[in-house]
2 protein chains.
Amino acid sequence: MDALAAIAEPTRRRIVDALRLRACTVTELVSMLGMSQPAVSKHLRVLREAGVVTAQTRAQQRVYRLEPGPFRELDAWLAPYRRMWTHHLAELERHLDRTTTLEES
Amino acid sequence: MDALAAIAEPTRRRIVDALRLRACTVTELVSMLGMSQPAVSKHLRVLREAGVVTAQTRAQQRVYRLEPGPFRELDAWLAPYRRMWTHHLAELERHLDRTTTLEES
DNA sequence: GGCCCTCATGCCTTGACGGTTATATAACTC
DNA sequence: GAGTTATATAACCGTCAAGGCATGAGGGCC
(Lines give C-alpha, C1' and ligand atoms only; values in the text may rest on other atoms or scores of the structure.)
Protein backbone atom coordinates (compact mmCIF):
# COMPACT_ATOMS: atom_id res chain seq x y z
CA MET A 1 0.00 0.00 0.00
CA ASP A 2 2.35 2.70 -1.21
CA ALA A 3 -0.71 4.54 -2.39
CA LEU A 4 -1.10 5.87 1.13
CA ALA A 5 2.19 7.73 0.88
CA ALA A 6 1.06 9.13 -2.45
CA ILE A 7 -2.23 10.36 -1.02
CA ALA A 8 -0.67 11.68 2.16
CA GLU A 9 1.10 14.52 0.39
CA PRO A 10 -1.02 17.68 0.84
CA THR A 11 -0.99 18.82 -2.77
CA ARG A 12 -1.81 15.35 -4.03
CA ARG A 13 -4.64 15.10 -1.53
CA ARG A 14 -6.03 18.29 -3.02
CA ILE A 15 -5.82 16.68 -6.43
CA VAL A 16 -7.53 13.54 -5.20
CA ASP A 17 -10.26 15.54 -3.49
CA ALA A 18 -10.83 17.42 -6.72
CA LEU A 19 -10.94 14.28 -8.82
CA ARG A 20 -13.46 12.75 -6.45
CA LEU A 21 -16.06 15.18 -7.71
CA ARG A 22 -15.28 14.76 -11.39
CA ALA A 23 -12.52 13.80 -13.81
CA CYS A 24 -10.27 16.69 -14.78
CA THR A 25 -7.64 17.60 -17.34
CA VAL A 26 -4.19 18.76 -16.31
CA THR A 27 -4.85 22.41 -17.08
CA GLU A 28 -8.00 22.31 -15.02
CA LEU A 29 -6.02 20.99 -12.08
CA VAL A 30 -3.32 23.59 -12.66
CA SER A 31 -5.84 26.41 -12.40
CA MET A 32 -7.38 24.81 -9.32
CA LEU A 33 -4.09 24.40 -7.50
CA GLY A 34 -2.40 27.61 -8.58
CA MET A 35 0.84 25.79 -9.25
CA SER A 36 3.05 25.38 -12.27
CA GLN A 37 1.95 22.81 -14.82
CA PRO A 38 5.10 20.68 -14.50
CA ALA A 39 4.58 20.40 -10.75
CA VAL A 40 1.04 19.17 -11.27
CA SER A 41 2.15 16.70 -13.93
CA LYS A 42 4.78 15.38 -11.56
CA HIS A 43 2.21 14.80 -8.84
CA LEU A 44 -0.05 13.12 -11.35
CA ARG A 45 2.78 10.84 -12.32
CA VAL A 46 3.23 9.78 -8.71
CA LEU A 47 -0.48 9.15 -8.33
CA ARG A 48 -0.54 7.25 -11.61
CA GLU A 49 2.34 4.96 -10.70
CA ALA A 50 0.72 4.35 -7.34
CA GLY A 51 -2.45 3.28 -9.12
CA VAL A 52 -4.51 6.04 -7.57
CA VAL A 53 -5.46 7.67 -10.87
CA THR A 54 -5.59 6.73 -14.54
CA ALA A 55 -5.25 8.96 -17.58
CA GLN A 56 -7.35 8.86 -20.68
CA THR A 57 -5.92 10.59 -23.71
CA ARG A 58 -8.46 12.76 -25.49
CA ALA A 59 -7.06 14.90 -28.29
CA GLN A 60 -4.12 16.81 -26.79
CA GLN A 61 -5.65 16.66 -23.35
CA ARG A 62 -5.40 13.88 -20.79
CA VAL A 63 -8.35 13.31 -18.56
CA TYR A 64 -7.43 12.04 -15.11
CA ARG A 65 -9.82 10.15 -12.90
CA LEU A 66 -9.64 8.20 -9.68
CA GLU A 67 -9.18 4.47 -9.48
CA PRO A 68 -11.08 2.77 -6.66
CA GLY A 69 -8.49 0.09 -5.85
CA PRO A 70 -6.19 2.00 -3.50
CA PHE A 71 -9.14 3.44 -1.62
CA ARG A 72 -10.51 -0.02 -1.09
CA GLU A 73 -7.14 -1.12 0.24
CA LEU A 74 -7.01 1.84 2.57
CA ASP A 75 -10.50 1.06 3.74
CA ALA A 76 -9.51 -2.54 4.37
CA TRP A 77 -6.43 -1.46 6.30
CA LEU A 78 -8.52 0.90 8.37
CA ALA A 79 -11.14 -1.71 9.15
CA PRO A 80 -9.56 -3.28 12.25
CA TYR A 81 -9.00 0.17 13.72
CA ARG A 82 -12.71 0.81 13.78
CA ARG A 83 -12.81 -1.29 16.92
CA MET A 84 -11.36 1.69 18.72
CA TRP A 85 -14.51 3.72 18.43
CA THR A 86 -17.06 0.99 18.02
CA HIS A 87 -16.00 -0.89 21.11
CA HIS A 88 -19.29 -0.24 22.83
CA LEU A 89 -20.14 -3.90 22.68
CA ALA A 90 -17.68 -6.73 22.91
CA GLU A 91 -20.00 -8.64 20.64
CA LEU A 92 -19.55 -6.09 17.93
CA GLU A 93 -15.79 -6.24 18.30
CA ARG A 94 -15.65 -9.93 17.62
CA HIS A 95 -18.03 -9.52 14.76
CA LEU A 96 -15.82 -6.92 13.11
CA ASP A 97 -12.74 -9.05 13.64
CA ARG A 98 -14.41 -11.94 11.88
CA THR A 99 -15.63 -9.92 8.97
CA THR A 100 -12.26 -8.28 8.42
CA THR A 101 -10.31 -11.52 8.54
CA LEU A 102 -12.76 -13.17 6.16
CA GLU A 103 -12.69 -10.21 3.80
CA GLU A 104 -16.05 -9.55 2.28
CA SER A 105 -19.08 -7.28 2.30
CA MET B 1 -5.71 15.91 9.10
CA ASP B 2 -1.94 15.89 9.14
CA ALA B 3 -2.22 12.56 10.90
CA LEU B 4 -2.40 10.93 7.50
CA ALA B 5 1.10 12.10 6.65
CA ALA B 6 2.28 10.77 9.99
CA ILE B 7 0.73 7.36 9.40
CA ALA B 8 1.88 7.18 5.79
CA GLU B 9 5.53 6.73 6.74
CA PRO B 10 6.34 2.98 6.59
CA THR B 11 8.11 2.72 9.94
CA ARG B 12 5.40 4.68 11.70
CA ARG B 13 2.77 2.47 10.14
CA ARG B 14 4.57 -0.51 11.63
CA ILE B 15 4.44 1.22 14.99
CA VAL B 16 0.75 1.96 14.60
CA ASP B 17 0.02 -1.60 13.52
CA ALA B 18 1.86 -2.85 16.60
CA LEU B 19 0.04 -0.48 18.93
CA ARG B 20 -3.26 -1.58 17.51
CA LEU B 21 -2.83 -4.95 19.20
CA ARG B 22 -1.69 -3.58 22.54
CA ALA B 23 -0.03 -0.59 24.18
CA CYS B 24 3.77 -0.77 24.21
CA THR B 25 6.74 0.88 25.84
CA VAL B 26 9.51 2.43 23.80
CA THR B 27 11.96 -0.40 24.38
CA GLU B 28 9.37 -2.92 23.29
CA LEU B 29 8.92 -1.04 20.05
CA VAL B 30 12.67 -0.75 19.62
CA SER B 31 13.07 -4.52 19.80
CA MET B 32 10.13 -5.00 17.44
CA LEU B 33 11.46 -2.62 14.82
CA GLY B 34 15.13 -3.46 15.10
CA MET B 35 16.04 0.22 14.98
CA SER B 36 17.91 2.54 17.28
CA GLN B 37 16.00 3.91 20.25
CA PRO B 38 16.35 7.58 19.23
CA ALA B 39 14.85 6.80 15.85
CA VAL B 40 11.84 5.19 17.49
CA SER B 41 11.46 8.05 19.92
CA LYS B 42 11.57 10.47 17.04
CA HIS B 43 8.80 8.65 15.22
CA LEU B 44 6.78 8.50 18.41
CA ARG B 45 7.18 12.24 18.76
CA VAL B 46 5.75 12.75 15.30
CA LEU B 47 2.85 10.45 16.03
CA ARG B 48 2.28 12.15 19.38
CA GLU B 49 2.22 15.65 17.93
CA ALA B 50 -0.15 14.42 15.22
CA GLY B 51 -2.48 13.15 17.93
CA VAL B 52 -2.19 9.57 16.75
CA VAL B 53 -0.74 8.25 20.00
CA THR B 54 -0.56 9.31 23.63
CA ALA B 55 2.09 8.48 26.21
CA GLN B 56 1.43 7.50 29.78
CA THR B 57 4.38 7.80 32.12
CA ARG B 58 4.82 4.75 34.32
CA ALA B 59 7.99 4.77 36.42
CA GLN B 60 10.84 5.37 33.98
CA GLN B 61 8.89 3.86 31.14
CA ARG B 62 6.35 5.51 28.88
CA VAL B 63 3.51 3.44 27.62
CA TYR B 64 2.28 4.48 24.20
CA ARG B 65 -1.19 3.71 22.96
CA LEU B 66 -3.32 4.68 20.01
CA GLU B 67 -5.79 7.52 20.04
CA PRO B 68 -8.98 6.87 18.10
CA GLY B 69 -9.51 10.45 16.89
CA PRO B 70 -7.28 10.53 13.82
CA PHE B 71 -8.57 7.17 12.66
CA ARG B 72 -12.10 8.41 12.91
CA GLU B 73 -11.16 11.45 10.88
CA LEU B 74 -9.49 9.28 8.29
CA ASP B 75 -12.55 7.10 8.18
CA ALA B 76 -14.74 10.15 7.72
CA TRP B 77 -12.49 11.47 4.97
CA LEU B 78 -12.63 8.13 3.23
CA ALA B 79 -16.39 7.87 3.46
CA PRO B 80 -17.32 9.74 0.27
CA TYR B 81 -14.82 7.66 -1.70
CA ARG B 82 -16.68 4.48 -0.84
CA ARG B 83 -19.20 5.37 -3.50
CA MET B 84 -16.56 4.48 -6.05
CA TRP B 85 -16.74 0.78 -5.34
CA THR B 86 -20.28 0.55 -4.08
CA HIS B 87 -21.55 1.64 -7.46
CA HIS B 88 -20.20 -1.29 -9.40
CA LEU B 89 -22.21 -0.75 -12.54
CA ALA B 90 -21.19 2.80 -13.20
CA GLU B 91 -17.61 1.91 -12.47
CA LEU B 92 -17.66 -0.98 -14.91
CA GLU B 93 -19.10 1.21 -17.61
CA ARG B 94 -16.37 3.75 -17.18
CA HIS B 95 -13.80 1.01 -17.19
CA LEU B 96 -15.02 -0.25 -20.52
CA ASP B 97 -14.93 3.25 -21.87
CA ARG B 98 -11.35 3.46 -20.74
CA THR B 99 -10.02 0.65 -22.91
CA THR B 100 -8.15 3.13 -25.08
CA THR B 101 -6.38 4.62 -22.12
CA LEU B 102 -2.69 5.33 -22.50
CA GLU B 103 -0.95 4.21 -19.34
CA GLU B 104 2.69 4.08 -18.20
CA SER B 105 5.59 6.41 -18.76
C1' DG C 1 4.55 22.72 -43.61
C1' DG C 2 4.20 26.03 -39.66
C1' DC C 3 1.98 27.27 -35.40
C1' DC C 4 -0.27 26.73 -31.15
C1' DC C 5 -2.02 24.07 -27.50
C1' DT C 6 -1.51 20.39 -23.97
C1' DC C 7 1.23 17.74 -21.39
C1' DA C 8 5.56 15.18 -20.00
C1' DT C 9 10.38 15.15 -18.90
C1' DG C 10 15.17 16.86 -17.50
C1' DC C 11 17.85 19.58 -14.86
C1' DC C 12 18.64 22.20 -10.77
C1' DT C 13 18.10 24.07 -6.07
C1' DT C 14 16.40 23.87 -1.59
C1' DG C 15 14.35 22.19 2.25
C1' DA C 16 12.65 18.41 4.88
C1' DC C 17 13.16 13.79 6.68
C1' DG C 18 14.94 9.33 8.40
C1' DG C 19 18.73 7.37 10.47
C1' DT C 20 22.87 7.42 13.20
C1' DT C 21 25.96 8.54 17.56
C1' DA C 22 26.54 11.19 21.60
C1' DT C 23 24.54 13.46 25.38
C1' DA C 24 20.93 15.18 28.63
C1' DT C 25 16.98 14.24 31.72
C1' DA C 26 14.29 11.64 34.84
C1' DA C 27 13.28 7.89 37.96
C1' DC C 28 14.26 3.72 40.36
C1' DT C 29 17.81 0.89 43.22
C1' DC C 30 21.47 0.23 46.17
C1' DG D 1 24.95 9.94 47.18
C1' DA D 2 26.51 6.66 42.93
C1' DG D 3 25.02 3.77 39.43
C1' DT D 4 21.65 1.93 36.28
C1' DT D 5 17.59 1.94 33.42
C1' DA D 6 14.40 4.25 30.21
C1' DT D 7 13.49 7.89 27.29
C1' DA D 8 14.12 12.32 25.08
C1' DT D 9 16.93 15.64 22.74
C1' DA D 10 20.95 17.62 20.06
C1' DA D 11 23.99 17.57 16.38
C1' DC D 12 25.13 15.70 12.13
C1' DC D 13 24.80 13.37 7.61
C1' DG D 14 22.91 11.28 3.41
C1' DT D 15 19.08 10.98 0.72
C1' DC D 16 15.00 12.19 -1.39
C1' DA D 17 11.23 14.85 -2.90
C1' DA D 18 8.77 19.10 -4.11
C1' DG D 19 9.03 23.17 -6.56
C1' DG D 20 10.86 26.16 -10.12
C1' DC D 21 12.32 26.93 -15.32
C1' DA D 22 13.45 25.32 -19.83
C1' DT D 23 12.69 22.05 -23.22
C1' DG D 24 10.83 18.04 -25.73
C1' DA D 25 6.99 15.33 -27.70
C1' DG D 26 2.38 14.80 -29.81
C1' DG D 27 -1.80 16.23 -31.70
C1' DG D 28 -5.19 19.82 -33.73
C1' DC D 29 -5.68 23.84 -36.89
C1' DC D 30 -4.60 27.24 -40.48
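The shown structure was predicted, so the numbers you read here are calculated from the model rather than taken from an experiment. So that the names make sense, note that chain A is the first sequence line, chain B the second, and so on, each numbered from 1.
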Q: Identify, residue by residue, the members of residues 52-66 of chain B with a heavy atom below 4.0 Å from DNA chain D, and return them in order of residue number, or none.
A: Q60(B), Q61(B), R62(B), Y64(B)
(Q) Main chain of A8(A), side chain of R13(A): is a donor-acceptor contact present, judged purely on distance under 3.5 Å? (A) yes
(Q) Please check: side-chain N/O of E28(A) versus main-chain N/O of T25(A), any donor-acceptor pairing under 3.5 Å? (A) yes
In whole angstrom, give the distance that lies between atom [atom1] of [X] and atom [atom2] of [N].
X	N	atom1	atom2	result
L44(B)	dG19(C)	CG	P	12 Å
E49(A)	dA18(D)	CD	C1'	15 Å
I7(A)	dA17(D)	CD1	P	17 Å
R48(A)	dC7(C)	CZ	P	12 Å

(Q) Run the ring-ring contact (aromatic ring centres under 6.0 Å, His included) test against F71(B) and tell me which residues pass, sequence neighbours left out. (A) Y81(A)
(Q) If I compare all heavy atoms of P70(A) with all of A50(A), which pair ends up nearest, and what's the gap? (A) CG-O, 4.2 Å
Report yes if a side-chain nitrogen or oxygen of [X] is closer than 4.0 Å to either non-bridging phosphate oxygen (OP1 or OP2) of [N]; otherwise report no.
X	N	answer
R45(A)	dC7(C)	no
H43(B)	dG19(C)	yes
T27(A)	dC7(C)	yes
T11(A)	dA17(D)	no

(Q) If I take atom CZ from residue R72(B) and atom CG from residue L78(A), how far apart are they, to the nearest 0.5 angstrom? (A) 12.0 Å
Q) From E9(B) CD over to L47(B) CG, what is the distance, rounded to the nearest 0.5 angstrom? A) 9.0 Å
Report each atom pair, protein N/O against N/O of nucleotides 20-22 of chain C, whose distance is under 3.5 angstrom.
unit_1	atom_1	unit_2	atom_2	d
dT20(C)	OP2	S36(B)	N	3.2
dT20(C)	OP2	S36(B)	OG	2.6

Let me check something: do [X] and [Y] share a hydrophobic cluster, defined by ILVMFWY side-chain heavy atoms less than 4.5 Å apart, either directly or through other members?
X	Y	answer
W77(A)	L4(B)	yes
V46(B)	M32(B)	no
V63(A)	L19(A)	no

